[in-house]
Q: 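Sharing a structure here in structure tokens format.
Note on naming: letters A, B, ... go to the chains in the order of the sequence lines (proteins, then strands), and numbering restarts at 1 for each one.
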Number of protein chains: 2
Amino acid sequence: MARRTIKAGRADDSALVADWRDISACYSSLRCDLDRELDDHHGLGMSEFEVLDRLVEAPAGECRMHTLGDAMYLSQSALSRVVARLEREGLLVRDMCADDRRSVRVRLTEAGADRHEKARPTQLAVLARHLREERQPAGDGPA
Amino acid sequence: MARRTIKAGRADDSALVADWRDISACYSSLRCDLDRELDDHHGLGMSEFEVLDRLVEAPAGECRMHTLGDAMYLSQSALSRVVARLEREGLLVRDMCADDRRSVRVRLTEAGADRHEKARPTQLAVLARHLREERQPAGDGPA
DNA sequence: GCGCATTGAATGCACAAGCATTAAATGCAG
DNA sequence: CTGCATTTAATGCTTGTGCATTCAATGCGC
């Protein structure tokens, strides 16, 4: 039920609310599963994993705090602590960059890359479970 | 950028992740705004408002805790506390129902209905701001 | 009727997140 | 060069949330 999500150009109030509830439900249940599975199987929270994820994508496995903050939708303080946790676990290192000593450069360690690699299948599985079945209730690939 | 949200029947890994990030970004920014505006203007958190919202919709402005829990996606303990907060503020009352004395019946008070009515425009405004501009970047109603 | 598993809600506890503040480095005006 | 506003990140504090536990009421088998 309720699969109007992106349909509905009408946008009267109740459609708005209905859309919001769809988004909310989708996000919440996915987030909950993801958070729990990442934590159970890999000792990572969702935010932790996401930081690792961004770092893996980043040019040399490193980037500045502020850049992470822009990409991640998390308050500055929260990000600061997530990174602190990850550093405590040895999954990344923080050091201040030479050119601007206010900035902190965050760099993925081998252990971090490893942990991320191990965790990624879990993430993908959860995403697939939630997102795929939402969109294509049945049916497989093309001919 | 990134408006694949529901498109993409391909569903390979990166599309999955991209979709998730879209959902996540959409939800997070909306939630943050909503939470803050409801709190600033009406002294309500998002969860609080949502409980009121469900109650307003409910048959006689009342329903059982468990029913709320089913509808709301919030852990049982969190719900328990939200309701406790709302009761403390006089926006609803809890009493146990006669037929099953384990269950708690939650009933909206006038103050609660009033608060909800005042807060609803704020909610709709935030929803519209986020959801409408996402879907129809420009263009108004039909001729 | 009596015990026992089940269900419904509340509570102790731990933790992540946001806000406000603080501290340090930088940039810029004079 | 000096002083001041700005930027960057970390920290104190408060709060909301989830998990596990607890307590009460119910239902069921016997």
Q: Please check this pair: side chain of B/S80 against backbone of B/Q76, looking for a donor-acceptor N/O pair closer than 3.5 Å.
A: no
Q: CG of A/L74 versus C1' of C/dG18: gap in Å, rounded?
A: 10 Å
Q: Taking atom C1' of C/dA10 as reference, at what distance in whole Å does atom CZ of B/R85 sit?
A: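 The answer, rounded to whole Å, is 14 Å.
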Q: Is there a side-chain contact between A/S77 and the phosphate of C/dC19, meaning an N or O under 4.0 Å from OP1 or OP2?
A: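 No, A/S77 has no side-chain N/O under 4.0 Å of OP1/OP2 on C/dC19.
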Q: State plainly whether the residues A/D35 and A/R31 are in salt-bridge range, i.e. N to O under 4.0 Å.
A: yes
Q: Answer yes or no: is there a donor N or O on one side and an acceptor on the other, between the side chain of B/E87 and the main chain of B/R94, under 3.5 Å?
A: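 Checked: pair present.
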Q: Could you give the CG-to-C1' distance, from A/L79 to C/dG18, as a whole number of Å?
A: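 To the nearest whole Å, that distance equals 13 Å.
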Q: State which residues pass ring-ring contact (aromatic ring centres under 6.0 Å, His included) with B/H66; sequence neighbours excluded, sorted by chain then number.
A: none
Q: Are B/R31 and C/dG18 close enough that a side-chain N or O sits under 4.0 Å from OP1 or OP2?
A: no
Q: Mind checking B/D35 for me? I need base, sugar-phosphate or nothing, with any heavy atom below 4.0 Å counting as a touch.
A: nothing
Q: Between atom CG in A/D99 and atom P in C/dG27, what is the gap in whole Å?
A: 10 Å
Q: Is the backbone of A/Y27 close enough, under 3.5 Å, to the side chain of B/Y27 for a donor and an acceptor to pair up by distance?
A: no
Q: Rounded to whole angstroms, how far apart are CE on B/M46 and C1' on C/dA17?
A: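 These atoms are roughly 14 Å apart.
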Q: Between B/R102 and B/A78, which is nearer to the 5' end of DNA chain D once each is assigned its nearest nucleotide?
A: B/A78
Q: Could I get the full list of salt bridge (charged side-chain N to carboxylate O under 4.0 Å, His left out) partners for B/E110, not counting sequence neighbours?
A: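 So B/E110 forms no salt bridge (charged side-chain N to carboxylate O under 4.0 Å, His left out) with any residue.
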Q: Hey, which sits more toward the 5' end of DNA chain D by its nearest nucleotide, A/C32 or B/R101?
A: A/C32
Q: Let me know the distance between CD of A/E48 and P of C/dA16, rounded to the nearest Å.
A: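 Roughly 7 Å, once rounded to whole Å.
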Q: I'd like to know if the side chain of A/S103 and the backbone of A/C97 have a donor-acceptor N/O pair within less than 3.5 Å.
A: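 No, A/S103 side chain to A/C97 backbone: no donor-acceptor pair under 3.5 Å.
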Q: Rounded to whole angstroms, how far apart are CD on A/E50 and C1' on C/dA17?
A: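 The distance from CD of A/E50 to C1' of C/dA17 comes to 14 Å, rounded to the nearest Å.
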Q: Within the pair B/R94 and C/dA10, is there a side-chain N or O less than 4.0 Å away from OP1 or OP2?
A: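 Checking C/dA10 against B/R94, a side-chain N or O does come within under 4.0 Å of OP1 or OP2.
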Q: Which part of the nucleic acid, if any, lies within reach of A/S103 when heavy atoms closer than 4.0 Å are counted: base, sugar-phosphate only, or nothing?
A: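 Touches sugar-phosphate only.
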Q: Nucleotide range of DNA chain D contacted by chain B, 5' to 3', under 4.0 Å to a heavy atom?
A: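 Under 4.0 Å from chain B, the extent on DNA chain D is D/dG16 to D/dT26.
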Q: Between C/dA10 and B/R81, is there an OP1 or OP2 to side-chain N/O distance shorter than 4.0 Å?
A: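 Checking B/R81 against C/dA10: no side-chain N or O falls below 4.0 Å of OP1 or OP2.
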Q: Whole Å only: how far is the CD atom of A/Q76 from the P atom of C/dT22?
A: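 The answer, rounded to whole Å, is 15 Å.
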